[in-house]
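Just so it is clear, the values below take in all heavy atoms, side chains as well, and ignore hydrogens, waters and symmetry mates. Quick caveat, the model's predicted, so the values are computed rather than measured.
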Amino acid sequence: MRSFKENFKDLLGETIVEIQAGMGPAGELRYPSYPESNGTWKFPGIGAFQCYDKYMISNLRATAEAAGKKEWGNGGPSDAGHYNNWPEDTPFFRRDGGWNSPYGEFFLKWYSGMLLDHGERILTAAESIFHGTGTKLSGKVAGIHWHYGTRSHAPELTAGYYNTRLRDGYLPIASMFARHGVIFNFTCIEMKDWEQPGDAQCSPEKLIKQVVLATRKAGVRLAGENALPRFDQDAHNQIIRNASLRLPEDGRDTRVEPMCAFTYLRMSQHLFQPENWRLFVSLVRKLAQGEAGLNSWEQEHRDTDSFVHASGPFFKEAAALMHN
């Protein structure tokens, strides 16, 4: 981070207005519990605990001894299955499994606490290094929505988020971000529950609502990102809806604070197809305008046409570069 600051110091605060501090795989604050690129894990597997290197084992052993439970310090749960199991395949993650036992509570508090300690160190360093540069800091949290409908929320637990049917695992993360003035960047903003495999009890919509509530309680700004490349109107509408999401707790006259930013994935040849570009221009306009942008379909179509026309030279140049 110091090297980045030194090399780009003339651009900080003007050209570079936000810096996202990477804290794990894909830049997200989490353990590498579901490594997909090498074929180890496939969606919607539960993943696996990452606590078996000598440093983690040493810390776990010391924590267990301090708690008077030396036998709990030899490693992670032995009955938590493997990367591609489902929760009910395992004694630890099944409905009334070990996750909800005194040992499970001890281990999960320790495991998630180690991740929070890691995040605290990274954000403390980032805050110190970039203080006074005029840039905002953000951190990214993974949208682990599969098996969200189960009691244990196994994939979230293996990733380090102690979030279950009985416990809020996102408020501690949001509170840490708030202490450092860091924007909470969350993914899967484009997803709907019905688009996901029903047998995996996925619920990105309920997960997003939980995260929105946690960030409001913590008083931290929320930003969003789509998890998968989407260029269709349905996904764009879901992004717009979640950018200013109303919760059941909100009164009719309550002003909803919209997301402070949105990262769109991603620039590609598909984005620069004419119809996809038109839809993207409309999405950007609506996100920028918020509730003030609720025009009629005819007005929105005319306004989008004018912006698409104005961006024509850029569109052609970018499309050519992507093609090459």
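Linking Ile, Leu, Val, Met, Phe, Trp and Tyr whenever their side-chain heavy atoms come within less than 4.5 Å puts Leu247 and Met259 in one cluster. Under the 4.5 Å side-chain heavy-atom criterion for grouping Ile, Leu, Val, Met, Phe, Trp and Tyr, Tyr103 is connected to Leu157 within one hydrophobic cluster. There is a path of hydrophobic side-chain contacts, each under 4.5 Å, that joins Leu108 to Val141. Note on Leu279: it does not cluster hydrophobically with Phe231, by side-chain heavy-atom contacts below 4.5 Å among ILVMFWY residues. One hydrophobic cluster, built from ILVMFWY side chains closer than 4.5 Å, cannot hold both Ile208 and Ile183; they sit in different ones.
Between the CD atom of Glu105 and the CG atom of Leu166 there is a distance of 10.0 Å, given to the nearest 0.5 Å. Within the model, atoms CG of Asn84 and OH of Tyr34 stand 14.0 Å from one another, a figure rounded to the nearest 0.5 Å. With rounding to the nearest 0.5 Å, the separation of CD1 in Ile189 from CG in Asn226 is 9.0 Å. Separating the CH2 atom in Trp72 from the OG1 atom in Thr63 is a distance of 12.5 Å, to the nearest 0.5 Å. Remark: Asn185 CG to Cys260 SG distance equals 8.0 Å, nearest 0.5 Å. Summarising the geometry, atom CD1 belonging to Ile57 is positioned 8.0 Å from atom CG belonging to Asn74; distances are rounded to the nearest 0.5 Å.
Minimum heavy-atom separation, Ala142 to Arg30: CB-CD, 3.8 Å. Annotation for Thr187 and Ala227: closest pair CB-CB, 4.5 Å, computed over non-hydrogen atoms. Of all heavy-atom pairs spanning Gly139 and Phe177, the tightest one is O-CE2, 3.4 Å. Minimum heavy-atom separation, Gly45 to Pro155: O-CG, 4.2 Å. What you find for Pro87 and Thr150 is that their closest heavy atoms are CG-CG2, 4.3 Å. Looking at every heavy atom in both residues, Gln50 comes nearest to Pro32 through CD-O, 3.5 Å.
The backbone N or O of Gly149 lies less than 3.5 Å from a partner atom in the side chain of Arg165, making a donor-acceptor pair. Between the side chain of Trp110 and the backbone N or O of Met114 there is no donor-acceptor pair closer than 3.5 Å. Side-chain atoms of Asn85 come within 3.5 Å of backbone N or O of His82 as a donor-acceptor pair. The backbone N or O of Phe130 sits less than 3.5 Å from a side-chain atom of Thr133, completing a donor-acceptor pair. Side-chain N or O atoms of Asp232 include one that pairs as donor or acceptor with a backbone N or O of Ala235 at under 3.5 Å.
At least one side-chain heavy atom of Met191 sits under 4.5 Å from a side-chain heavy atom of Gln196. With contacts defined as side-chain heavy-atom distances shorter than 4.5 Å, the pair Leu60/Phe106 qualifies. Looking at heavy atoms from C-beta onward, Leu137 lies out of side-chain contact with His180 at the 4.5 angstrom threshold. Asn237 is listed as a side-chain neighbour of Gln233, based on a closest heavy-atom distance under 4.5 Å. The shortest side-chain heavy-atom distance between Arg151 and Thr164 does not fall under the 4.5 Å cut-off. In this structure, Leu213 and Tyr170 have side chains that are not in contact, with every pair of non-hydrogen atoms separated by 4.5 Å or more. Inter-residue side-chain proximity for Cys51 and Tyr111 is flagged as met; some heavy-atom pair is nearer than 4.5 Å. Side-chain contact between Leu228 and Leu265 is absent, with no heavy-atom pair separated by less than 4.5 Å.
Under the 3.5 Å distance criterion, with hydrogens and angles disregarded, no donor-acceptor pair is assigned to the side chains of Glu156 and Tyr148. Side-chain atoms of Gln210 and Asn163 form a donor-acceptor pair, as typed in the model, at a separation below 3.5 Å. In this structure, a donor-acceptor pair under 3.5 Å is absent between the side chains of Asp234 and Gln238.
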Output, in order, the C-alpha distance, side-chain angles, deciding distance and verdict of side chain to side chain contact (heavy atoms under 4.5 Å, CB included) for Lys192 and Arg241. CA-CA 11 Å; Lys192 295 180 181 179; Arg241 186 178 300 113; 4.2 Å; yes
Walk me through it: do Phe49 and Phe93 pass the test ring pair (Phe, Tyr, Trp, His ring centres under 6.0 Å)? CA-CA 12 Å; Phe49 289 116; Phe93 290 122; 5.7 Å; yes
Verdict with supporting geometry, Val281 and Val284, side chain to side chain contact (heavy atoms under 4.5 Å, CB included): CA-CA 5 Å; Val281 168; Val284 172; 6.0 Å; no
Could you go through Ser203 and Asp193, starting from their C-alpha distance and side-chain angles, then the distance that decides it, and tell me whether this counts as side-chain hydrogen bond (donor to acceptor under 3.5 Å, both in side chains)? CA-CA 5 Å; Ser203 188; Asp193 290 357; 3.0 Å; yes
Walk me through whether Leu283 and Ile240 qualify under side chain to side chain contact (heavy atoms under 4.5 Å, CB included). CA-CA 8 Å; Leu283 170 67; Ile240 293 165; 3.8 Å; yes
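Results of the side chain to side chain contact (heavy atoms under 4.5 Å, CB included) test with Phe186 over Asn242, Thr215, Leu222 single out Leu222 as the only residue that passes.
Judged as a ring-ring contact (aromatic ring centres under 6.0 Å, His included), and not counting sequence neighbours, Phe262 has no contacts. Here Leu116 pairs with Pro172, Ile173, Met176 under the side-chain contact (heavy atoms from CB on, under 4.5 Å) rule; sequence neighbours left out. Every side-chain contact (heavy atoms from CB on, under 4.5 Å) that Ala200 has, sequence neighbours left out, goes to Pro44, Trp86, His147, Pro197, Cys202. By the side-chain contact (heavy atoms from CB on, under 4.5 Å) test, Thr40 is found to be paired with Pro35, Asn38, Tyr83, residues two or more places apart in sequence or in another chain being considered.
Ring orientation note: the planes of Phe43 and His145 are tilted relative to one another, at an angle of 30° to 60°. Ring geometry for Phe272 against Trp277 counts as parallel: the plane angle stays under 30°, on a 0 to 90° scale with 60° as the upper cut.
By the 4.0 Å N-to-carboxylate-O rule, Arg216 lies too far from Glu257 to be salt-bridged with it. Salt bridge present: Arg230 and Glu195 bring a charged side-chain N and a carboxylate O closer than 4.0 Å.
Shown here is Met267, whose CE atom has no more than 12 heavy atoms of other residues, nucleotides or ligands within 6.0 Å.
Between Trp99 and Phe92, the ring centre distance reaches or exceeds 6.0 Å.
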Could you pull out all donor-acceptor pairs under 3.5 Å where a side-chain atom in residues 3-27 meets a protein atom, sequence neighbours excluded?
unit_1, atom_1, unit_2, atom_2, d
Ser3, OG, Asn7, ND2, 3.3
Lys5, NZ, Ile129, O, 2.9
Glu6, OE2, Lys9, NZ, 3.1
Asn7, ND2, Ser3, O, 2.8
Glu18, OE2, Ser138, OG, 2.8
Gln20, NE2, Ser138, OG, 3.4

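A cation-pi arrangement, defined by a distance under 6.0 Å to the six-membered ring centre and an angle within 45 degrees of its axis, is present between Arg167 and Tyr162.
Evaluation of the salt bridge (charged side-chain N to carboxylate O under 4.0 Å, His left out) test over residues 176-191, restricted to residues two or more places apart or in two chains, returns Glu120-Arg179.
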